[in-house]
Amino acid sequence: MAKILCIDDEVGVHRAVRQALERDGHQVTEAIGYVAGRVLIEAGGFDLALVDRRMPDGDGLELLALLRARLPGCIRVLLTGYLDIGAVLHAINAAEVHRVIEKPFDELRLRHELRELLDDGRVGVHALRRVSDPLEDERALLSGLLHSASFRLDLQPIITASSGKNLGFEGLMRSAHPRLPRPLQILEMAERLHMLRTVGRSVASRAATWLERLPAGARLFLNVHPEELDDMDALQSQLEPLVPAASRVVLEITGACHDRWAEVLGARLRRLKSLGFSLALDDMAAGQSGLVLLAEAEPEYIKVDRSIVQEIHTSSRKRRLVELLCTFANMTQAGLIAGGVETDEEAAALRALGVPYLQGYLFGRPAAEPAALSA
Ligand code: G
Ligand code: MN
């Protein structure tokens, strides 16, 4: 924590400085104008001073000279709206200022500059340690990853059971980042930092690129995070790059966790449909509220969860359940997709039950360059 003196005639500047620096745990003392500043400098006890160049009742450069004489250990920063080159150069040459910050400044930049100054032993302040903001470091890490090539949208094929042809692909996030290798880690971090939208935008832009490459008839299935449905305006703007190709895009809504707003869900999902997107109900049978969604969402596709598909050939109850879903899907003109198919036995049992679409490692893992596209 550093004791910071801010001398400026504008109340708005004080507010911005206080807001920025108190976040880093600093104690900010305000002086409105030259005269008030002079009094506080005489009183002393500051580690760093921010001084405005031009104030109605006096010149900030004079105060900087005074600071240097009275409080030589105090770091001196000149705030100036007009880059008054001559006077500023003079001040720097006379070693009256350590740094010049031009107004208006943004909060992050101010914090960054002051941290550098407070960290820098050469300006004579040894007692101060950098107070780092772990949240900000994490935000920078995540944002860096999302904008880099280490963050990918890999594609896994979904095939038509009868012909073996591709219905399309599900886009799945993948990361090559050593600190955040798993998609779930990325989502958890994004949730915590309120950055799900940044993730969504990054996925949408990669999806738009894929749509340019996929065969015209192929569908692209994309997972929508439940929290994204809380703010439909934000979701719509996030999906904007995909709207021109919306008829080829299927948004997967998970059936696992929508209890808290089942009543409003229908209207929200209709809005996505009105933009031209199709819907798939994901993780059917894995969560607790899938049935409500089957009624509310009127999905074009229903995806049966891996937990039901696994070892289905050995369980008559699992087969009866899939049979039931097959009937429901047929009656509502929805396509049933069985996910997580790993073995020939599972695939054979699903085909025998009449499941029209299959997805799983047996047919292809999520890949950065799916075989079906290079063929
Ligand atoms: O819930 P959702 O269907 O979106 O989950 C997709 C996840 O399931 C992805 O992480 C994908 O890699 C994984 N997955 C896809 N196919 C299989 C499979 O055949 N077996 C297993 N264990 N996981 C799979
Ligand atoms: Mn999915």
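Whatever order the structure lists them in is the order used to number ligands and atoms, beginning at 1. Heavy atoms only: backbone and side chains are in, while hydrogens, waters and symmetry mates are out.
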Which of the numbered atoms in ligand 1 are under 4.0 angstrom from any heavy atom belonging to [X]?
| X | result |
| --- | --- |
| N223 | 4 (O) |
| G360 | 16 (N), 19 (O) |
| Q156 | 15 (C), 16 (N) |
| P366 | 12 (O) |
| L172 | 6 (C), 9 (C), 11 (C) |

* Asked: Would a 4.0 Å cut-off, counted as strictly less than, catch a protein heavy atom around atom 5 (O) of ligand 1?
  -> no

* To do: Look at atom 22 (N) of ligand 1 and find which of K303, Q310, E342 reaches it with the closest heavy atom.
  =>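 The residue whose heavy atom sits nearest atom 22 (N) of ligand 1 is E342.
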
* Tell me which one of R174, R365, E170 gets a heavy atom nearest to atom 12 (O) of ligand 1. =>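 Ranked by closest heavy atom to atom 12 (O) of ligand 1, first place is R174.
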
* Asked: Going by chain and residue number, what protein N/O/S atoms come nearer than 2.8 Å to the Mn ion (ligand 2)?
  -> E170 OE2, N223 OD1, E252 OE1, D282 OD2

Donor-acceptor side-chain pairing of [X] and [Y] below 3.5 angstrom:
| X | Y | answer |
| --- | --- | --- |
| E116 | H112 | yes |
| D282 | T254 | no |
| R206 | S202 | yes |
| Q359 | Q156 | yes |
| E342 | Q310 | no |

* Asked: Is the backbone of H313 close enough, under 3.5 Å, to the side chain of R319 for a donor and an acceptor to pair up by distance?
  -> yes

* Asked: Where the side chain of D57 meets the backbone of V35, is there a donor-acceptor pair that is under 3.5 Å apart?
  -> yes

* Please examine the side chains of R38 and L66, heavy atoms only from C-beta on, and report whether any two atoms are closer than 4.5 Å. =>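 A side-chain contact exists here, since the closest heavy-atom pair is under 4.5 Å.
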
* Could you check if a side-chain atom of L61 sits within less than 4.5 angstrom of a side-chain atom of R53, using non-hydrogen atoms only? => yes

* Closest protein heavy atom to atom 23 (N) of ligand 1, given as residue, atom name and distance to 0.1 Å -> Y361 OH, 3.3 Å

* Structure fact -> among protein heavy atoms, the one nearest atom 1 (O) of ligand 1 is D283 OD1, 2.7 Å

* **Distance-only N or O hit between ligand 1 and D282, under 3.5 Å** => yes

* Check the surroundings of atom CZ in R179: do more than 12 heavy atoms from other residues, nucleotides or ligands lie under 6.0 Å from it? => no

* With a 4.0 Å cut-off on heavy atoms, is M173 touching ligand 1? ->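 Outside the 4.0 Å threshold, so no.
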
* For G339, is the nearest heavy atom under 4.0 Å from an atom of ligand 1? -> no

* To do: Start with the C-alpha gap between E170 and L155, add the side-chain angles, then the distance that decides, and say whether side-chain contact (heavy atoms from CB on, under 4.5 Å) holds.
  => CA-CA 6 Å; E170 178 172 357; L155 298 189; over 6 Å; no

* For T160 and N166, run side-chain contact (heavy atoms from CB on, under 4.5 Å): C-alpha distance rounded to whole Å, both residues' side-chain angles, the deciding distance at 0.1 Å, then the answer. => CA-CA 6 Å; T160 304; N166 269 327; over 6 Å; no

* To do: Quick one: look at Q359 and ligand 1, take heavy-atom pairs under 4.0 Å, and tell me if it's side chain, backbone, both or neither.
  => neither

* Any chance you could lay out the side-chain contact (heavy atoms from CB on, under 4.5 Å) test for Y34 and E62, step after step, and finish with the verdict? => CA-CA 9 Å; Y34 174 96; E62 271 181 48; 2.8 Å; yes

